[in-house]
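The structure under discussion appears below in the form of structure tokens.
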Amino acid sequence: MARHSWTVARSSNSAGSRRLSRRFFDRPTVTVARDLLGAILRNGPRAVQIVETEAYVTNDPASHTFRGPTRRNRSMFGEPGTLYVYRIHQVVCANLVTRRGEAVLLRAGEPLTPGLPSPSGPGRLCRALGISLADDGVRTPTDPRIRVDSRQDGRRSIAVGPRVGIRRAARRPLRFALKGNRWVSRPAVVGNRRRSPRGPNRA
DNA sequence: CTTCAGATTATCT
DNA sequence: GATAATCTGAAGT
């Protein structure tokens, strides 16, 4: 290969970081969920590093698209990289669409902007970044304000475990987190967790 | 129209 | 660990 010395712009701001393209998101959802760990989510001047994600896939009873298109999940059928924002109780949560009807829930981030409120938890992440329902449908590969940039440092160890806060199909290992990161919303699953013999009420 | 459950979080014991 | 808050989307009548 040519010996050209790459003129790597070392701006202290976004050195080596590039915006994740539509192509990045147009891959299997689990792959995207893993690869998003360490990526940078920006809304204008505010930024976090993504440290925890969950995959919601086709034929997944826990997915909002399980029963087909509705008004709420419309943007989950948008092009890869589209932001799907929904409301749950008094907060909003954000997803990045991968393939048609599939998406990655952004569960936690590590603050990169000084003074940012805690982004640990899907609702808190949106609040910290100022993401609202009005941002539903934003196309992050091209949007001027909300964007996702590639990670700058190398890949780190990833913890995998069951998803959080859902009843149906919760045990599928579709939750991913940067191992040991303090901003993960709940402790990363290390091994099998012993269950109490007497479970909660069952129907 | 009515009913119901929820991809959460803060706060309590 | 358990629960109320709080309100909308979606499904049922």
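Letters A, B, ... mirror the listed sequences (proteins, then strands); counts begin at 1.
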Taking atom CZ of A/R19 as the centre, report whether more than 12 heavy atoms of other residues, nucleotides or ligands fall under 6.0 Å from it. yes
Is it the case that the side chains of A/S185 and A/R107 hold a donor-acceptor pair, with the cut-off being a distance below 3.5 Å and no angle test? yes
Quick one, A/F25 with A/R99, criterion side chain to side chain contact (heavy atoms under 4.5 Å, CB included). Give me CA distance, side-chain angles, the key distance, then yes/no. CA-CA 7 Å; A/F25 296 100; A/R99 290 175 163 177; over 6 Å; no
Rounded to whole Å, the CG-P distance (A/D60 to B/dA7) equals 11 Å
Considering only B/dA10, B/dG6, B/dA7, which nucleotide approaches the side chain of A/R167 most closely? B/dG6
For A/R87 and B/dT9, what is the distance between atoms CZ and C1' respectively, to the nearest whole Å? 13 Å
Nearest heavy atom decides the nucleotide; on that basis, is A/R127 or A/R168 closer to the 5' end of DNA chain B? A/R168
How close or far is atom C1' of C/dG9 from atom CG of A/L133, stated in whole angstroms? 12 Å
Given C/dG9, C/dC7, B/dA7, identify the nucleotide with an atom nearest to the side chain of A/L105. B/dA7
Any A/H89 side-chain N or O less than 4.0 Å from OP1/OP2 of C/dA5: no
When rounded to whole Å, the CD1 to P distance for the pair A/I88 and C/dA5 reads 16 Å
Are the ring of A/Y56 and the six-membered base ring of B/dA7 within the stacking cut-offs of under 5.5 Å and under 30°? yes
G-U wobble or Watson-Crick pairing nucleotide for B/dA7 (cut-off 3.5 Å, both distances): none
Between A/R124 and B/dA10, does any side-chain N or O lie under 4.0 Å from OP1 or OP2? yes
Integer angstrom distance from the P of C/dT6 to that of B/dT2: 22 Å
Rounded to whole angstroms, how far apart are CZ on A/R163 and P on B/dG6? 14 Å
What is the separation between atom CD on A/E54 and atom C1' on B/dA7, rounded to the nearest whole Å? 6 Å
Taking only the side-chain heavy atoms of A/R72 (C-beta and beyond), determine which of B/dA7, C/dG9, C/dT8 contains the nearest atom. C/dG9
Could you state the atom-to-atom distance from OH of A/Y84 to C1' of C/dT8 in whole Å? 11 Å
Any side-chain to backbone donor/acceptor pair from A/E54 onto A/V164? Under 3.5 Å, distance only. yes
Partner of B/dT13 under the Watson-Crick or G-U wobble criteria, both distances under 3.5 Å, comes out as none
Please go through A/V91's hydrophobic cluster and name the other residues, only I, L, V, M, F, W, Y counting, with side-chain heavy atoms under 4.5 Å joining them. A/Y56, A/M76, A/Y84, A/Y86, A/I88, A/V97, A/L105, A/I166
CD1 of A/I166 versus C1' of B/dT9: gap in Å, rounded? 17 Å
Could you tell me the Watson-Crick or G-U partner of C/dT6, where both distances fall under 3.5 Å? Say none if there is no partner. none
From the set B/dT9, B/dA7, C/dT6, return the single nucleotide nearest to any side-chain atom of A/V91. B/dT9
